[in-house]
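Report on the structure given below.
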There are 2 protein chains.
Amino acid sequence: NVAGYGLGSQTRAISVEALKSSDTFPRRHNSATPEDQIKMSQSCGFDNLDSLVDATVPKSIRIQSMKFSKFDEGLTESQMIEHMQKLASMNKVYKSFIGMGYYNTHVPPVILRNIMENPGWYTQYTPYQAEIAQGRLESLLNFQTMITDLTGLPMSNASLLDEGTAAAEAMAMCNNIQKGKKKTFIIASNCHPQTIDICITRAGGFDLKVVVSDLKDIDYKSGDVCGVLVQYPGTEGEVLDYGEFIKNAHANGVKVVMASDLLALTMLKPPGELGADIVIGSAQRFGVPMGYGGPHAAFLATSQEYKRMMPGRIIGLSVDSSGKPALRVAMQTREQHIRRDKATSNICTAQALLANMSAMYAVYHGPEGLRTIGQRVHGLAGTFAHGLKKLGTVEVQGLPFFDTVKVKCADAHVIADAAYKSEMNLRIVDPNTITVSFDETTTLEDVDKLFKVFAGGKPVSFTAASIAEEVQTVIPSGLVRESPYLTHPIFNTCHTEHELLRYIHRLQSRDLSLCHSMIPLGSCTMKLNATTEMMPVTWPSFTDIHPFVPADQAQGYQEMFNNLGDLLCTITGFDSFSLQPNAGAAGEYAGLMVIRAYHKARGDHHRNVCIIPVSAHGTNPATAAMCGMKIVAVGTDAKGNINIEELRKAAEAHRDNLSTLMVTYPSTHGVYEEGIDEICKIIHENGGQVYMDGANMNAQVGLTSPGFIGADVCHLNLHKTFCIPHGGGGPGMGPIGVKKHLAPFLPSHPVISTGGIPAPEKAQPLGTIAAAPWGSALILPISYAYIAMMGSKGLTDASKKAILNANYMAKRLENHYPVLFRGVNGTVAHEFIIDLRGFKNTAGIEPEDVAKRLMDYGFHGPTMSWPVPGTLMIEPTESESREELDRYCDALISIREEIAQIEKGKADIHNNVLKGAPHPPSLLMGDTWTKPYSREYAAYPAPWLRFAKFWPVTGRVDNVYGDRNLVCTLLPVSQVAEEQAAATA
Amino acid sequence: NVAGYGLGSQTRAISVEALKSSDTFPRRHNSATPEDQIKMSQSCGFDNLDSLVDATVPKSIRIQSMKFSKFDEGLTESQMIEHMQKLASMNKVYKSFIGMGYYNTHVPPVILRNIMENPGWYTQYTPYQAEIAQGRLESLLNFQTMITDLTGLPMSNASLLDEGTAAAEAMAMCNNIQKGKKKTFIIASNCHPQTIDICITRAGGFDLKVVVSDLKDIDYKSGDVCGVLVQYPGTEGEVLDYGEFIKNAHANGVKVVMASDLLALTMLKPPGELGADIVIGSAQRFGVPMGYGGPHAAFLATSQEYKRMMPGRIIGLSVDSSGKPALRVAMQTREQHIRRDKATSNICTAQALLANMSAMYAVYHGPEGLRTIGQRVHGLAGTFAHGLKKLGTVEVQGLPFFDTVKVKCADAHVIADAAYKSEMNLRIVDPNTITVSFDETTTLEDVDKLFKVFAGGKPVSFTAASIAEEVQTVIPSGLVRESPYLTHPIFNTCHTEHELLRYIHRLQSRDLSLCHSMIPLGSCTMKLNATTEMMPVTWPSFTDIHPFVPADQAQGYQEMFNNLGDLLCTITGFDSFSLQPNAGAAGEYAGLMVIRAYHKARGDHHRNVCIIPVSAHGTNPATAAMCGMKIVAVGTDAKGNINIEELRKAAEAHRDNLSTLMVTYPSTHGVYEEGIDEICKIIHENGGQVYMDGANMNAQVGLTSPGFIGADVCHLNLHKTFCIPHGGGGPGMGPIGVKKHLAPFLPSHPVISTGGIPAPEKAQPLGTIAAAPWGSALILPISYAYIAMMGSKGLTDASKKAILNANYMAKRLENHYPVLFRGVNGTVAHEFIIDLRGFKNTAGIEPEDVAKRLMDYGFHGPTMSWPVPGTLMIEPTESESREELDRYCDALISIREEIAQIEKGKADIHNNVLKGAPHPPSLLMGDTWTKPYSREYAAYPAPWLRFAKFWPVTGRVDNVYGDRNLVCTLLPVSQVAEEQAAATA
Ligand SMILES: Cc1ncc(COP(=O)(O)O)c(C=O)c1O
Ligand SMILES: Cc1ncc(COP(=O)(O)O)c(C=O)c1O
Ligand SMILES: O=C([O-])O
């Protein structure tokens with residue numbers, strides 16, 4: 001009674017296409033469906049997406065198509081993971097004893113999973129909108145407090161790119177402190193080689209002379225010394241008392257910068273107590289994996305005196321509209337974007353995510369936990385040294401040490417080779433010198449293995465455990481740390497996993513991230529950071545590799561670099577790439593230095609004029625200034641385009657000294673300028689090179705390219721176009737691509753020599769610009785996976801859909817807000833500017849009011865008042881669905897209606913729902929309500945908010961108050977109690 | 001000028017202890033610091049923790065110490081990860097073509113990271129407190145909708161343990177529908193072997209006769225058939241039209257159960273349309289890894305007629321206190337805990353987390369995406385069959401198929417061995433029959449590899465791609481699916497990663513989890529689910545293994561099972577363990593069946609009386625009923641202890657037929673009963689066996705043990721004591737330990753034979769109780785890592801601190817609420833009961849009011865009205881810090897004060913802050929406020945809430961309304977729009 005077969009059946013042929021692996025990626029990243037595309041294009045007045053794009057991108061610069069030699073079709077998500085597993089298996093994870101600023105660490109799993117692997121922490125933007133960023137602001141304040149406590153200096157910023165560039169920033173500060181009048185900077189030879197090289201490179205632009213000198217040979221007789229840099233402990237391990245040294249420097253009017261190590265400072269007298277003026281270093285070993293070089297958070301601490309000269313972002317305390325304590329980025333007015341050509345630093349994107357990890361590591365371990373780790377590392381080093389003395393095969397150095405033991409031996413390579421065989425890496429200082437650095441992950445068994453290596457075949461009659469009790473560790477008594485640190489309650493309460501888990505989630509819940517809604521920041525390209533891209537970033541075969549291992553241990557990384565270099569060359573139309581710069585601004589710096597080196601190599605030492613349109617990002621002039629260039633500004637016309645005639649005149653006027661044009665494309669005004677090819681031609685004809693700022697690359701990929709347009713060099717913000725998440729203010733990566741003639745000058749590295757990818761025939765590197773040879777190698781898999789999964793078509797579609805989404809939004813908004821600039825056919829590029837300037841007069845409303853009110857709608861505001869004051873710049877990206885774009889437009893249209901109410905006199909010009917925004921729950925459900933508008937109107941201005949609402953936790957934060965009463969660390973306990981009492985009262 | 005060495009220095013000897021690896025785990029899990037311990041013990045009236053424990057645990061049952069043969073000292077977190085990596089590397093991940101209910105699947109990475117690896121989803125409790133569980137309730141409603149749509153039947157539950165037990169549950173339903181009057185259940189031989197065996201085992205207790213029969217031989221002449229189970233598609237792949245078969249069964253008064261496959265149902269006519277009464281199956285291949293057997297969500301769907309007979313939890317729609325739609329667990333009154341001895345199912349913990357993953361998989365792919373996957377899998381199978389026909393080496397079966405191709409061949413083992421060599425697993429059905437099942441992860445290249453295998457050395461002149469176009473797939477036309485499915489918007493909007501990411505986080509933000517605060521549910525042991533324990537669970541070497549692979553491919557798993565078996569034996573004092581049961585209740589069932597088999601083996605067929613104290617959990621009598629036992633209840637005395645004299649009388653009265661005592665220890669009243677050893681003695685003396693319910697094992701580990709006390713068998717809820725997270729209502733694991741005499745009877749498995757660990761000398765297995773040989777193997781690493789990292793001392797400390805925390809809270813609360821039961825020295829065990837019965841009269845307050853008000857304080861209520869109506873049972877666990885315990889106590893004390901206000905007449909008895917709780921923001925910031933108390937008092941009753949507050953998203957949910965108007969799937973779109981309009985109005 002079972003029927004079935006033969007009943008009559010329906011047959012159907014199969015296509016091979018339908019049998020291919022189905023977990024394709026582009027449809028998960030690019031949002032608009034085919035139907036959406038048509039509808040949205042039509043709403044913009046075009047039949048389809050291609051006509052819209054054709055009308056938007058100038059024909060003269062349009063490339064026919066892009067083709068990759070690998071991955072052209074795009075891998076599926078599972079194929080990508082498989083490919084990355086293959087690369088991972090080509091990396092060899094040996095135990096590192098190399099030291100030199102990079103140490104293995106136990107990333108506490110609760111931090112790994114809940115911060116590093118959590119989009120709720122890694123997708124946020126820089127915390128400029130303080131009211132929806134109180135979580136990471138608190139964590140960054142913890143970071144600053146940790147740094148000030150451990151270094152013994154009262155002011156810290158919220159991270160720098162790496163230890164080497166932090167030293168260079170400190171050098172620039174010294175120059176600045178001395179008002180540029182003392183032009184020598186001395187570096188003690190006991191600093192890490194990469195630190196020295198970065199400073200030497202960076203000094204060029206400041207016209208500083210760097211003298212590298214043995215400590216004992218340092219003198220200040222010239223009277224021309226602005227500062228001196230020493231390391232504590234030294235790169236080869238020695239722990240010296242710099243007390244007298246510093247007094248002497250100060251007596252000579254010289255500022256002292258100390259590079260230091262946070263773990264050592266748990267046991268050693270802090271630099272601040274020794275008298276140092278500036279302390280820099282890396283927080284890497286506090287719970288951030290080595291990652292073959294980065295990303296990690298560097299720090300810089302100084303005294304109150306120099307706080308307004310500090311580079312980077314500083315988090316500070318202020319109050320909100322109800323007078324309750326609230327955090328925000330302090331002293332934004334001192335950021336490089338307003339200093340422009342007077343800038344001494346160009347840092348913008350920093351290392352927020354990694355600073356947060358390090359701060360949480362300190363929160364989890366607390367002062368006692370950290371001291372225990374420090375003592376253990378120190379004890380292992382002592383035991384090792386003691387064992388070596390017993391063995392007698394080598395000669396152990398005589399100076400006190402913290403974690404690094406230096407030995408003299410007959411043949412360093414023989415010992416290092418034996419260590420490799422045991423899967424251990426040592427540092428070869430010179431043919432007769434080795435250092436061995438210990439870290440949190442070193443075990444007693446490792447020390448025993450080292451004994452075997454150093455015994456060179458002889459039997460070892462003891463173990464580390466058996467001799468430990470004989471060891472007397474030695475810290476010079478004057479250098480024993482006596483001052484307490486991390487006494488604030490936050491460092492003394494979350495030592496169980498549950499407590500830390502909840503603290504992390506409590507902070508997370510205060511921050512708006514891409515997990516909540518779109519963050520359409522113009523010029524920032526906040527797009528999807530896909531999980532498949534992120535997964536390999538925390539695989540041990542990528543995380544646990546020291547940047548200075550022999551290349552054969554990092555073949556997986558190297559293959560990825562080579563592939564990525566090729567792919568980026570195809571995408572940009574360039575011939576070679578450097579993966580060294582750790583952010584966009586660092587890329588700019590590297591790029592201009594390449595151009596500088598090129599001119600110099602041709603004998604054009606005098607070419608130092610840099611033309612920069614007024615619409616440029618602040619980092620452009622800041623970078624040019626750091627390269628010692630003379631900046632010539634050119635204006636824009638009423639349509640937002642560079643004034644070509646003015647440019648031509650400038651170029652011709654400076655033709656003899658013209659070095660560079662810095663230009664962003666599409667322009668920061670959100671327009672594909674038609675004259676860009678002509679602009680490039682003018683510069684070249686006048687002997688200049690064209691530097692393209694690649695921040696807007698998301699509008700170019702597959703449609704045009706910097707190389708095709710005529711640029712000579714360009715940086716890519718991988719944390720924009722290429723999917724590295726913003727991490728709440730970093731990490732980022734800013735690799736630069738160059739035309740063939742510039743490839744020889746790409747940066748190298750003093751420890752692991754490197755250069756362009758693919759490699760040029762000859763190399764004449766400009767120097768070193770980051771501490772690690774390939775910058776933040778650990779996050780390169782993100783961009784690599786993005787490109788490889790999208791394939792050439794997926795990427796081109798992404799650019800098209802980014803343009804579509806921007807035009808769709810501009811169209812929906814244009815009847816409510818003036819859209820400031822457009823291309824010749826009336827379209828915008830991948831972003832656009834809406835003009836709010838009129839509302840100042842009609843309703844007393846400024847962009848900030850709109851941005852804060854957007855928070856009540858569950859949204860992060862667009863880029864505010866840049867590049868044009870009084871406007872908002874919106875960049876939706878291709879990853880946002882039409883529904884999401886519509887919600888954002890609905891919110892802005894609804895806010896326009898709220899403004900209209902003021903204009904019509906129906907709402908009070910000083911006391912309205914925009915001025916009152918954002919509205920935190922504490923306000924909305926207060927027993928008293930004195931606003932002239934209703935609670936529900938304040939809280940639920942759009943229907944979707946009834947189903948999901950993100951709640952800002954503070955009212956509007958008062959920036960002026962905070963800057964007047966600058967507090968940039970956690971308050972002492974007593975004061976906290978007071979504040980809390982006040983808050984709950 | 002540099003001083004340093006020789007300055008005079010401070011020397012310090014090193015201890016070996018201080019050099020050991022520092023990332024130890026117990027201090028991260030166990031909260032109380034040494035200082036806390038003293039203070040807290042003293043507040044309970046004891047000098048220190050040990051005296052408190054000594055006074056609490058009866059001396060007679062106290063063990064001196066516990067010692068493990070492995071891991072006794074406890075591994076550090078990094079050592080644990082290393083050990084798991086070693087085990088992982090011992091598993092071989094071959095491609096599976098085995099089928100049989102388990103298929104590889106692409107877990108969408110966004111689901112993997114944001115659900116499976118996210119404590120914000122995996123740490124929640126079962127959603128009994130609906131107002132703080134709306135997120136997962138919505139997702140589970142999506143699951144139910146997906147099941148009803150695909151099966152074509154209108155009612156679904158929110159998951160069962162696995163496909164095999166789901167079939168057994170359906171069998172019990174058939175028995176029930178027929179009121180127990182027809183005692184034969186027929187199973188077609190085309191069902192999976194494990195499904196058949198589980199039903200056979202389960203039938204015993206219901207006194208049902210199972211007949212396994214070829215479909216064509218089935219007849220109902222006896223008139224005694226209650227139901228029939230068929231599979232669609234069949235286990236060997238055939239797709240049959242059951243339309244006539246079902247008509248015939250129905251004509252004979254027989255109910256039809258169909259086991260089916262969700263992916264096949266995207267293409268095949270749904271069972272509901274064919275007339276099936278019940279449909280069961282597994283949702284595993286919808287985005288849940290195979291995990292060597294589980295956990296996965298099984299489903300059961302049926303018609304409206306039988307909805308009140310369905311086992312398991314069902315989510316339904318209702319309204320909240322403002323009349324807005326809100327979800328909750330429907331018909332809780334039908335759960336087994338009130339049916340007790342009339343129960344036909346004992347399921348409690350289910351598979352919520354996995355159901356949510358599967359539902360999200362459907363949300364991500366949508367109906368078109370799922371159909372595409374189905375067609376692709378079907379196409380690959382067709383291409384394979386076509387190629388085999390071309391090859392001519394084997395004979396392809398004649399029946400239509402969906403994903404599984406059956407072939408007859410000369411020697412199945414030769415082919416299977418060749419496949420192994422290519423790292424592929426096939427199913428050997430018999431020496432001349434092989435089946436090959438395709439799934440989402442199969443590629444064209446895999447098919448080519450299979451062709452090579454089947455060609456047996458001969459060259460293959462074609463590829464899958466080259467022949468694909470020739471293939472005509474064949475689905476019988478009567479079986480082609482025509483009805484639409486998943487038409488609801490939620491299945492048609494989140495197809496990009498950003499949309500799904502946000503949907504997942506939106507739901508997450510509605511649920512209170514351990515990421516927010518302690519969840520002190522009595523009898524549930526909601527402790528830390530540490531990240532290190534969770535990490536290996538998503539490693540591919542553990543996830544991607546089919547449960548029926550040859551043992552040599554799963555050596556890593558097998559070693560873990562053996563180690564875990566040993567460790568659990570040491571912990572429990574037993575001799576052998578079965579890792580098969582998938583939850584506590586399943587463990588109970590397995591345990592009683594072991595006892596039943598034991599008695600039978602001794603000729604004691606008549607022993608069927610089960611004594612159960614009235615204080616027992618509802619699953620105890622339900623389980624006994626399912627085993628066909630006669631339940632005899634014994635009461636408790638005023639102190640909450642079992643009335644020993646009553647027990648003795650009962651045992652003696654039933655001495656001839658006594659089978660078992662089921663007893664929980666410490667008692668469900670939170671007391672270590674002094675008489676427990678005597679109780680065991682009484683039972684043994686009367687010929688019975690002692691079954692211990694191990695739910696409260698957290699109070700025993702290292703202090704006593706079931707074996708030591710005198711129990712013969714016990715289940716462990718690994719999802720309580722041993723750290724498997726609750727997942728919002730599952731998964732769980734309920735392995736059972738037994739004394740030597742019972743070990744032979746432990747369950748085996750029809751496909752992969754298994755039994756006790758360590759293995760007893762001989763085996764006489766009771767049958768099969770779960771679909772996979774080692775149950776939910778994938779989550780065993782969690783418990784394993786917990787035990788191995790804690791070591792014997794850490795575990796013992798955990799028990800002590802669990803007792804300490806409970807006593808500390810009881811002490812703080814006793815002046816505010818009566819503490820119901822205590823041990824002889826006035827202490828409580830690891831949990832305690834506070835009595836609220838008095839407030840009914842004095843203030844009209846019931847436990848529910850307190851639980852709902854706790855939500856306003858950011859807390860999940862304790863276990864409500866169980867085991868004693870009108871009370872709350874609090875179990876803090878060792879993982880909670882004193883600060884957290886204090887906050888919870890503060891909240892309860894503050895609520896007591898709120899009750900006092902009613903008692904004093906200062907608050908209205910009907911309209912007060914408890915009756916109004918919880919207070920969602922929509923209410924609190926409504927324009928109108930008519931409550932007699934203030935908004936701030938409602939929202940911020942404790943100071944800490946000003947700094948972090950979890951907001952319930954609905955007001956109190958109306959259970960009665962929902963049960964009267966039962967809606968258990970998503971509403972059709974039109975109705976949704978109406979509801980939304982109503983909600984925003
Ligand atoms: C146009 C432009 N150039 C340069 C930068 C600097 O990039 P980064 O923040 O990575 O240093 C930005 C950053 O927003 C930018 O928008
Ligand atoms: C005492 C007791 N026994 C048995 C069970 C059932 O366990 P499971 O939910 O794992 O089936 C429970 C669950 O809460 C319980 O508390
Ligand atoms: O992501 C949240 O923890 O809500």
Side-chain angles (χ1 to χ4, degrees), chain A residues 1-5 7-12 14 16 19 21-23 28 31 78 106 109-110 113 215 240-241 244-245 248 376 379 399-400 443-444 465 468 471-474 476-478 480 496-499 505-506 515 528 530-532 879 881 924-925 927 934-936 939 943 946 948 984, chain B residues 1-5 7-12 14 16 19 21-23 28 31 78 106 109-110 113 215 240-241 244-245 248 376 379 399-400 443-444 465 468 471-474 476-478 480 496-499 505-506 515 528 530-532 879 881 924-925 927 934-936 939 943 946 948 984:
Chain A
N1 56 359
V2 175
Y5 200 50
L7 257 188
S9 55
Q10 192 178 289
T11 65
R12 186 178 63 82
I14 297 171
V16 180
L19 297 183
S21 296
S22 59
D23 59 326
R28 303 305 190 183
S31 64
S78 54
H106 290 308
V110 59
R113 172 159 285 191
L215 270 172
L240 305 177
D241 185 339
E244 290 302 315
F245 176 88
N248 182 40
R376 180 173 171 274
L399 290 173
T443 63
L444 284 164
V471 177
Q472 299 283 326
T473 68
V474 181
S477 66
V480 171
T496 64
E497 185 163 337
H498 255 168
E499 288 290 332
H505 279 262
R506 214 146 62 227
C515 297
L528 173 70
T531 314
T532 300
S879 303
S881 67
L924 288 164
M925 51 185 82
D927 287 341
S934 91
R935 296 177 197 249
E936 299 206 23
R946 294 281 177 178
T984 51
Chain B
N1 59 358
V2 175
Y5 199 49
L7 257 189
S9 57
Q10 191 179 290
T11 66
R12 187 179 61 83
I14 297 171
V16 179
L19 298 183
S21 295
S22 58
D23 60 327
R28 302 304 190 184
S31 64
S78 55
H106 291 309
V110 59
R113 171 158 285 191
L215 271 170
L240 305 175
D241 185 340
E244 289 302 317
F245 174 88
N248 182 42
R376 180 173 170 274
L399 291 172
T443 63
L444 284 164
V471 178
Q472 301 284 322
T473 67
V474 182
S477 66
V480 171
T496 64
E497 185 163 334
H498 255 168
E499 288 289 330
H505 280 261
R506 214 145 62 225
C515 297
L528 172 69
T531 314
T532 301
S879 304
S881 68
L924 288 165
M925 52 186 78
D927 287 339
S934 90
R935 295 177 197 250
E936 299 206 22
R946 294 281 176 179
T984 51

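The structure displayed is predicted, hence computed values, not measured ones.
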Top residue by heavy-atom pair count (under 4.5 Å) with chain B, among A:A948, A:C515, A:S934?
-> A:C515
Return the set of residues passing side chain to side chain contact (heavy atoms under 4.5 Å, CB included) with A:T531 (not counting sequence neighbours), or none when no residue passes.
-> A:M535, B:P109, B:V110, B:R113, B:N114, B:E497
Pairwise distance OG(B:S881) to CD(A:E499) - rounded to 0.5 angstrom | 3.5 Å
Does A:R376 use its side chain to pair, donor to acceptor, with the backbone of B:L19 at less than 3.5 Å?
-> yes
Counting only heavy atoms closer than 4.5 Å, note whether B:H106 contacts chain A via side chain, backbone, both or neither.
-> side chain
Closest heavy-atom pair and its distance - B:A465, A:V16 = O-CG2, 3.3 Å
Among A:D23, A:L924, A:D927, who wins on heavy-atom pairs under 4.5 Å with chain B?
-> A:D927
Compare every heavy atom of A:M925 with every heavy atom of B:E936, then report the nearest pair and how far apart it is.
-> CG-O, 3.4 Å
Closest approach of B:S31 and A:T496, non-hydrogen atoms and distance?
-> CA-CG2, 3.7 Å
Most contacts with chain B, counted as non-hydrogen pairs under 4.5 angstrom, among A:T443, A:T532, A:L528 | A:L528
